[in-house]
Amino acid sequence: FPRGSQEGGPRAATDAPARRSVPPPAAMLACCGRSPLSEPRLDAVAVEPMGRSRHQLAEPAPRSPSVPAGSEVARLLALHAERISEMRDFVKKHPRYDIDVHDDLHLLRFLLSHRLRPAAAARAMAAALEWRAAEGIDEASRRIAAGDLTQKDFVGHAMVFPHLPMHVLVTAEGQPVLFVSLAETDFAALMQQAGALEAYCKYHYLLTEMCALLCDRATRRTGRLV
């Protein structure tokens, strides 16, 4: 899933191929069987400004991200507020733009990934919105966040996981780590199966989305861009 991000994201960890089976670190939470995103999602509440006629529809204000005051993310949002607003003027025309989902932090990631150029960042976000809709990522993301869709339920899991075991782990700070057991990896055997490439891609899309949700949650809680 293409999400803009200047830095951070899931870190990769691999084990040496000395043993056939290496369990994930006990200090981390393996999410293959259940979702690590068990906290409720905070939804924005749009309030219509006072003084307007009930027949006059006002454009709702964008949701302000809840991040710790004085944090890295709070400073970035304040520093680039004008560019974020300019980018929003472009992207809000897109039919898949959702003011309750695509807040300033969401736009900031695209902006930082495109050298602070609002128009370029808006084009990239528009392309991402189209791709996510075509692949059904938004609906899957809502189910992952709600805990209704776990890694073992992902499309392609039954085909991919036996040959490419990947575990999404979570550190004490809430940052995801992708743990891959190289001793159990046989990519050649995976690709010999009919439809393996498509299954792998769809499986990896959802795995990446799970990691992105964890990064977003950690970013909002800590105020550090994860």
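No experiment lies behind these values; they were computed from the predicted model shown. When a residue number appears, it is its place in the shown sequence, counting from 1. Below, each value reflects all heavy atoms present in this structure, side chains not excepted, and no hydrogens, waters or symmetry copies.
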Shortest non-hydrogen separation from [X] to [Y] and the atoms involved:
X: Val91; Y: Tyr97; answer: O-CB, 3.5 Å
X: His80; Y: Leu108; answer: CD2-CD1, 4.1 Å
X: Leu116; Y: Pro118; answer: O-CD, 3.2 Å
X: Glu130; Y: His94; answer: OE2-NE2, 2.8 Å
X: Leu190; Y: Ala196; answer: O-CB, 3.0 Å
X: Pro65; Y: Leu105; answer: CG-N, 3.5 Å

Can the ring centres of [X] and [Y] be said to be less than 6.0 Å apart?
X: Phe154; Y: Phe161; result: no
X: His163; Y: Phe187; result: no
X: Phe110; Y: His106; result: yes

(message) Students often mix this up, so state it plainly: with edges at 30° and 60°, are the rings of His167 and Phe179 parallel, tilted or perpendicular?
(response)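 Tilted.
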Please tell me whether [X] and [Y] are part of a single hydrophobic cluster in this structure, the criterion being side-chain heavy atoms less than 4.5 Å apart.
X: Leu79; Y: Met87; result: no
X: Phe90; Y: Leu107; result: no
X: Tyr203; Y: Met191; result: yes
X: Val168; Y: Met166; result: yes
X: Val160; Y: Val155; result: no

Hey, are [X] and [Y] close enough for a salt bridge, meaning a charged N less than 4.0 Å from a carboxylate O?
X: Asp148; Y: Arg142; answer: no
X: Arg221; Y: Glu173; answer: no
X: Glu72; Y: Arg75; answer: no

(message) Assess the residue pair Leu207 and Leu178 against the criterion (side-chain contact (heavy atoms from CB on, under 4.5 Å)); give the C-alpha distance rounded to whole Å, side-chain angles, the decisive distance to 0.1 Å, and a yes or no.
(response) CA-CA 9 Å; Leu207 207 60; Leu178 188 61; 3.9 Å; yes
Could you tell me the separation between the [atom1] atom of [X] and the [atom2] atom of [Y], rounded to the nearest 0.5 Å?
X: Glu139; Y: Ser141; atom1: CD; atom2: OG; result: 9.5 Å
X: Met159; Y: Glu198; atom1: CE; atom2: CD; result: 9.5 Å
X: Leu112; Y: Leu225; atom1: CG; atom2: CG; result: 6.5 Å
X: Gln175; Y: Cys211; atom1: CD; atom2: SG; result: 10.0 Å

(request) Please lay out, stage by stage, how Leu213 and Glu209 fare under the test side-chain contact (heavy atoms from CB on, under 4.5 Å). (result) CA-CA 6 Å; Leu213 289 169; Glu209 183 67 16; 4.2 Å; yes
(message) With salt bridge (charged side-chain N to carboxylate O under 4.0 Å, His left out) as the test, pick out the partner of Asp103 among Arg109, Arg220, Arg88.
(response)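 Only one of Arg109, Arg220, Arg88 forms a salt bridge (charged side-chain N to carboxylate O under 4.0 Å, His left out) with Asp103, namely Arg220.
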(message) Just by distance, no angles: are the side chains of Asp153 and Thr150 close enough, under 3.5 Å, to form a donor-acceptor pair?
(response)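 Looking only at side-chain atoms, Thr150 and Asp153 do form a donor-acceptor pair, the distance falling under 3.5 Å.
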(request) Take Val67 and Thr219, measure what side-chain contact (heavy atoms from CB on, under 4.5 Å) needs, and give me the verdict at the end. (result) CA-CA 8 Å; Val67 296; Thr219 295; 5.6 Å; no
(request) Test side-chain contact (heavy atoms from CB on, under 4.5 Å) on Leu129 and His102 and set out the steps. (result) CA-CA 10 Å; Leu129 292 174; His102 308 127; 3.5 Å; yes
(message) Do Thr185 and Pro165 make a side-chain contact, defined as non-hydrogen atoms from C-beta onward lying under 4.5 Å apart?
(response)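 The answer is yes; the side chains approach within 4.5 Å.
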